[in-house]
Amino acid sequence: MDELTIRTPDDLHVHLRDDVMLPETVPATARCFARATVMPNLVPPVTTADLATAYKQRILAAVPAGQNFDPLMTLYLTMQTSVADVEAAKVAGIRAIKLYPAGATTNSDAGVSSLEPLYPIFEAMSKAGILLLIHGEVTEYEVDVFDREKEFIERYLRDICKSFPDLKIVLEHITTKDAAEFVGSGPENIAASITPQHLLLNRNDLLAGTLKPHNFCLPILKRNIHQLALREAVASGSTKFFLGTDSAPHARHRKEAACGCAGCYSAWSAIELYAQVFDDLNCLDKLEAFASENGADFYGLARNEGTITLRKESWTIPEEVTLADSTPIVPFFAGQDLRWKLA
């Protein structure tokens, strides 16, 4: 197969950032995705419908002329989030609220420190039809960083799914065999997004030989048995799994630092990276559902009507891209060749 046409896909987990980042990240995402679920972990975080509406207008201002792109806004869940906030989000057309455990990832200091006090919020979300998006890790120092996703599932996620059977829950950017099995065999109200980095890499690609800061993301890359389980999950064709890049840009100097930032900027080549994975797995026929149907269906969105075409053509991801203020960013897989390219 040398050409593949699929329904226009959605990126249901992306970090567009703000300000000088938007003229880079928005066109990079909009070039192949019709919609994107925009994460709210700005500084300060997007905690109210008014803040989300203002952020959406800044994003739309960065969409290239003549291009259609719909940012799906989210709120940042805190211990102060109220039922009134949920109701206001519903009125504003906000489809999801993101749960960050405090300290789990970039700009998560305002995240939640306890889950049971938030059960009334989950109940209100369930009634309003607003999705709960979860960064599923515990954050206690004594829990090994490679076990934090599994521990979150066992401690908290099973009970949340059982307690709120009508609440749609997305376990974001899953990284482990445990998560793939839990979601794949779990109740109908749980689904998961999967990133290109966790399909393409394992922890050797981060730690073997020398530390590779541009492969550092959170949740962290796991051992190869977990990578293989994620690849098996997407190859299975299960409707429980869908595309969410977790594309997360950082300036080069903030990645290549003594305390480097977590995140892989994959928007520049996202659909091509996924195509390469599905090609490697001999299941290109499953890419359309994963990228364009499963997520839309779970979110309750109409599937996109347009199409995109990928061609089998070798090309090289640039070593870096530069923001308008001359800040360099290193894209994911920088300098490496891909076999598929967006026509």
Side-chain angles (χ1 to χ4, degrees), residues 11 13-18 20-29 31-33 36 39 41 104-108 135 137 145-146 148-149 172-176 193-224 226-227 230-231 243-277 280 314-342:
D11 184 351
H13 186 119
V14 68
H15 297 267
L16 298 176
R17 308 301 191 204
D18 207 350
V20 73
M21 287 277 193
L22 293 180
E24 161 61 28
T25 59
V26 175
T29 298
R31 72 187 183 93
C32 59
F33 297 112
M39 293 298 106
N41 57 331
T105 189
T106 303
N107 299 339
S108 63
H135 180 121
E137 292 189 289
V145 68
F146 294 104
R148 291 180 177 185
E149 183 173 271
E172 298 286 6
H173 42 50
I174 62 170
T175 66
T176 60
S193 62
I194 304 181
T195 75
Q197 62 263 29
H198 292 106
L199 291 168
L200 286 161
L201 307 178
N202 59 63
R203 65 188 187 183
N204 280 356
D205 298 292
L206 173 66
L207 299 170
T210 59
L211 181 67
K212 286 77 168 183
H214 298 288
N215 290 343
F216 176 50
C217 56
L218 290 172
I220 199 166
L221 297 169
K222 305 301 194 296
R223 66 190 310 150
N224 69 327
H226 298 293
Q227 178 194 8
L230 299 185
R231 290 166 74 93
L243 187 155
T245 63
D246 194 21
S247 179
H250 292 283
R252 182 172 201 147
H253 71 274
R254 296 194 65 204
K255 291 287 288 180
E256 300 173 2
C259 187
C261 294
C264 299
Y265 181 46
S266 59
W268 231 84
S269 54
I271 197 63
E272 293 94 339
L273 290 164
Y274 283 109
Q276 185 141 313
V277 170
D280 289 342
S314 180
W315 66 290
T316 304
I317 297 175
E319 294 286 352
E320 68 178 32
V321 295
T322 306
L323 301 182
D325 65 355
S326 299
T327 299
I329 294 175
V330 177
F332 181 61
F333 254 44
Q336 299 191 51
D337 294 335
L338 294 180
R339 297 191 304 273
W340 290 89
K341 189 173 185 180
L342 187 67

To the nearest 0.5 angstrom, please state how far the CG atom of L200 sits from the OG atom of S266.
10.0 Å
Flag the pair S269 / K341 as yes when at least one side-chain heavy-atom distance between them is below 4.5 Å, and no otherwise.
no
Under 4.5 Å between any side-chain heavy atoms of M21 and P249, yes or no?
yes
Correct closest heavy-atom pair for T176 and L230 would be O-CD2, 4.0 Å
Side chains of I220 and T175 in contact at under 4.5 Å (non-hydrogen atoms)
no
Which is it for L199 and V277 under the side-chain contact (heavy atoms from CB on, under 4.5 Å) test, yes or no, and what are the steps along the way?
CA-CA 7 Å; L199 291 168; V277 170; 4.1 Å; yes
Side-chain donor-acceptor pairs of residues 326-334 under 3.5 Å, sequence neighbours excluded:
residue: T327; atom: OG1; partner: D325; partner atom: OD1; Å: 2.9
residue: T327; atom: OG1; partner: D325; partner atom: OD2; Å: 3.3

Closest non-hydrogen contact found for H198 with P219 is NE2-O, 3.0 Å
Do I317 and Q336 come within less than 4.5 Å of each other through their side chains, counting heavy atoms only?
no
Main-chain N/O of G244 paired with S193 side-chain donor or acceptor, under 3.5 Å
no
Would E272 and R31 count as a salt bridge (Lys or Arg N to Asp or Glu O under 4.0 Å) here? Give the steps.
CA-CA 12 Å; E272 293 94 339; R31 72 187 183 93; 2.7 Å; yes
Is there a side-chain hydrogen bond (donor to acceptor under 3.5 Å, both in side chains) between T316 and D337 once you walk through the steps?
CA-CA 4 Å; T316 304; D337 294 335; 2.5 Å; yes
Roughly how far, to the nearest 0.5 Å, is CD of E172 from CE of M39?
5.5 Å
With a 4.5 Å limit on heavy-atom distance, are the side chains of E256 and H214 in contact?
yes
I would like to know whether L221 and F216 meet side-chain contact (heavy atoms from CB on, under 4.5 Å); could you show each step before the answer?
CA-CA 8 Å; L221 297 169; F216 176 50; over 6 Å; no
Measure the spacing between CG of N215 and CG of N204 and express it to the nearest 0.5 Å.
11.5 Å
Cation over ring, R223 on F146, under 6.0 Å and within 45°?
no
For residues L22 and P27, report the shortest heavy-atom separation together with the two atoms involved.
O-CD, 3.5 Å
Nearest atoms (heavy-atom pairs only) where A257 meets H253
CB-O, 3.4 Å
If every non-hydrogen atom of E319 is compared with every non-hydrogen atom of G335, which pair is closest and at what distance?
OE2-CA, 3.5 Å
Inter-residue atom distance N41.CG - T105.OG1, 0.5 Å rounding:
7.0 Å
Heavy-atom distance under 4.5 Å between the side chains of I271 and W340, does that happen here?
no
Is there a side-chain contact between R231 and Q227 (heavy atoms, below 4.5 Å)?
yes
Looking only at atom types and distance, does a side-chain atom of R339 sit under 3.5 Å from a main-chain N or O of W315, one as donor and one as acceptor?
no
Does any non-hydrogen side-chain atom of Y265 lie less than 4.5 Å from one of V321?
yes
Looking at NZ of K255 and SG of C261, how far apart are the two atoms once the value is rounded to the nearest 0.5 Å?
7.0 Å
Using ring centroids (six-membered ring only for Trp), state whether H135 and H173 fall under 6.0 Å.
yes
Measure the NE2-CD1 distance between H226 and I174 for me, rounded to the nearest 0.5 Å.
11.5 Å
Identify the heavy atoms of V14 and A36 that sit nearest to each other, and give their distance.
CG1-CB, 3.6 Å
Passes side-chain hydrogen bond (donor to acceptor under 3.5 Å, both in side chains), D11 versus T245? Steps please.
CA-CA 6 Å; D11 184 351; T245 63; 2.5 Å; yes
